[in-house]
Amino acid sequence: MSSQSPLSEIQWYLIHTNPKQEDRAAGNLLAWGIETLNPKLREVRTNPYTGSVSLAAKPMFPGYIFARFVFQDLFHKLRFTRGVQDVVCFGSEPALVDEGIIEMVRSRMDKTGFITMSEDIKPGDKVVVKEGPLEGFTGVFERHMKGSDRVVILLNTIGYQAHYEIEVDLLKRVNEEGPQKTSPC
């Protein structure tokens, strides 16, 4: 059994940031030599007026980042770092984040640092478009586009089939066992 306190060893902690200052806090902590993890998601936004689709980065955990440091050595610097509100604590003890959780988050990150949350859609799966100008249209998933988050689907409409490139986040796999949605005539 170690006589050292966990606070004197390098550990991962959850940091509460000021509102919308996750990037600022992470950058300032990196300047102190503190390793951080600030996972981001790609958010697909559709302009309600033009129907155009764009991507925006947003934090996976708004208001929080992970930081790895020796608590006893750097806590006093961390508390007064711009963008940081405090270390998350339970009672009077700082909340330790298990290394397995950090590894799980990192395993979901792509090479650009974004978390991939899309469904695992395979060729031949029936899909429906969740939003945008083609919302509600169904089709068949064909393939992923190389080096992007876009995919090709075969859209089925009344008397017409078309290949269409679309963001994978705009698709949802259709459960074929459940009741089919029908539209009135």
Side-chain angles (χ1 to χ4, degrees), residues 1-47 52-122 125 127 130-132 141 144-151 166-173:
M1 178 174 226
S2 173
S3 61
Q4 279 190 324
S5 161
L7 301 179
S8 63
E9 298 173 5
I10 194 162
Q11 299 279 343
W12 282 100
Y13 297 94
L14 185 59
I15 307 299
H16 187 201
T17 67
N18 292 328
K20 299 185 184 214
Q21 293 193 16
E22 299 86 3
D23 291 336
R24 181 183 205 182
N28 288 333
L29 291 176
L30 284 172
W32 286 113
I34 297 173
E35 181 182 358
T36 62
L37 181 62
N38 183 13
K40 299 209 181 292
L41 297 170
R42 281 187 188 94
E43 180 179 55
V44 178
R45 294 185 180 160
T46 305
N47 183 318
S52 64
V53 177
S54 63
L55 290 176
K58 70 176 198 171
M60 183 175 185
F61 305 108
Y64 297 93
I65 61 171
F66 300 101
R68 186 172 184 251
F69 61 98
V70 177
F71 190 86
Q72 288 179 342
D73 296 345
L74 295 172
F75 176 66
H76 63 284
K77 288 182 180 180
L78 182 131
R79 287 195 60 201
F80 297 104
T81 301
R82 287 183 181 252
V84 172
Q85 195 163 29
D86 211 345
V87 175
V88 174
C89 293
F90 295 119
S92 62
E93 294 294 311
L96 298 174
V97 179
D98 187 68
E99 186 76 34
I101 292 172
I102 299 298
E103 289 308 311
M104 191 252 328
V105 170
R106 281 188 173 152
S107 73
R108 300 290 313 247
M109 292 173 81
D110 64 15
K111 60 186 171 212
T112 61
F114 285 93
I115 300 291
T116 54
M117 299 290 286
S118 62
E119 291 186 55
D120 188 25
I121 301 174
K122 297 181 242 11
D125 285 349
V127 293
K130 295 189 291 189
E131 61 183 81
F141 178 80
H144 286 276
M145 300 289 291
K146 193 170 192 157
S148 75
D149 287 335
R150 296 182 70 78
V151 296
I166 190 168
E167 301 291 327
V168 70
D169 293 339
L170 294 176
L171 296 178
K172 180 180 178 188
R173 188 177 358 184

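Values below: every heavy atom of this structure, side chains too, minus hydrogens, waters and symmetry copies.
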Exercise for the section: Examine distances only and state if a side-chain atom of Thr17 and a backbone atom of Gly63 form a donor-acceptor pair shorter than 3.5 Å. Expected result: yes
Problem - Minimal non-hydrogen separation, Ala57 against Lys40, with atom names - result: CB-CD, 4.2 Å
Problem - Close side-chain approach of Leu96 to Leu14, heavy-atom, < 4.5 Å - result: no
Problem - Distance flag, aromatic centroids of Phe69 and Phe75, threshold under 6.0 Å - result: no
Exercise for the section: Please assess His16 against Val87 for the test side chain to side chain contact (heavy atoms under 4.5 Å, CB included), listing each intermediate value before the final yes or no. Expected result: CA-CA 6 Å; His16 187 201; Val87 175; over 6 Å; no
Problem - Any donor-acceptor N/O pair, Asn28 side chain to Arg82 backbone, under 3.5 Å - result: yes
Practice task
Write down the atom of Ile34, the atom of Ala67, and the distance for their closest heavy-atom approach.
Solution key: CG2-CB, 3.9 Å
Handout entry: Heavy-atom side-chain proximity of Leu78 to Ile15 below 4.5 angstrom
Key = yes
Handout entry: Straight-line distance of Leu41 CG to Met109 CE, nearest 0.5 Å
Key = 10.0 Å
Practice task
Kindly indicate whether the side chain of Leu37, heavy atoms from C-beta on, has any atom under 4.5 Å from the side chain of Ile102.
Solution key: yes
Completion exercise
One should read off an interatomic distance between Ile65 CD1 and Gln21 CD, to the nearest 0.5 angstrom, of 11.0 Å
Exercise for the section: Would you sort out whether Glu22 and Tyr64 count as a side chain to side chain contact (heavy atoms under 4.5 Å, CB included), showing the intermediate values? Expected result: CA-CA 7 Å; Glu22 299 86 3; Tyr64 297 93; over 6 Å; no
Problem - Approximate separation, where rounding is to 0.5 Å, of Thr81 OG1 and His76 NE2 - result: 9.5 Å
Exercise for the section: Tell me yes or no: between the side chains of Asn38 and Thr36, is some donor less than 3.5 Å from an acceptor? Expected result: no
Handout entry: Working for side chain to side chain contact (heavy atoms under 4.5 Å, CB included), residues Asn18 and Val84
Key = CA-CA 6 Å; Asn18 292 328; Val84 172; over 6 Å; no
Completion exercise
The reported gap from CZ in Arg68 to CH2 in Trp12 (rounded to nearest 0.5 angstrom) is 6.5 Å
Exercise for the section: Give a yes or no on whether a salt bridge exists between Arg106 and Glu35, defined as a side-chain N under 4.0 angstrom from a carboxylate O. Expected result: yes
Practice task
Would you please indicate yes or no on a ring centroid separation below 6.0 angstrom for Tyr13 and Phe66?
Solution key: no
Handout entry: Pro94 versus Cys89, closest heavy-atom pair with distance
Key = CA-SG, 3.6 Å
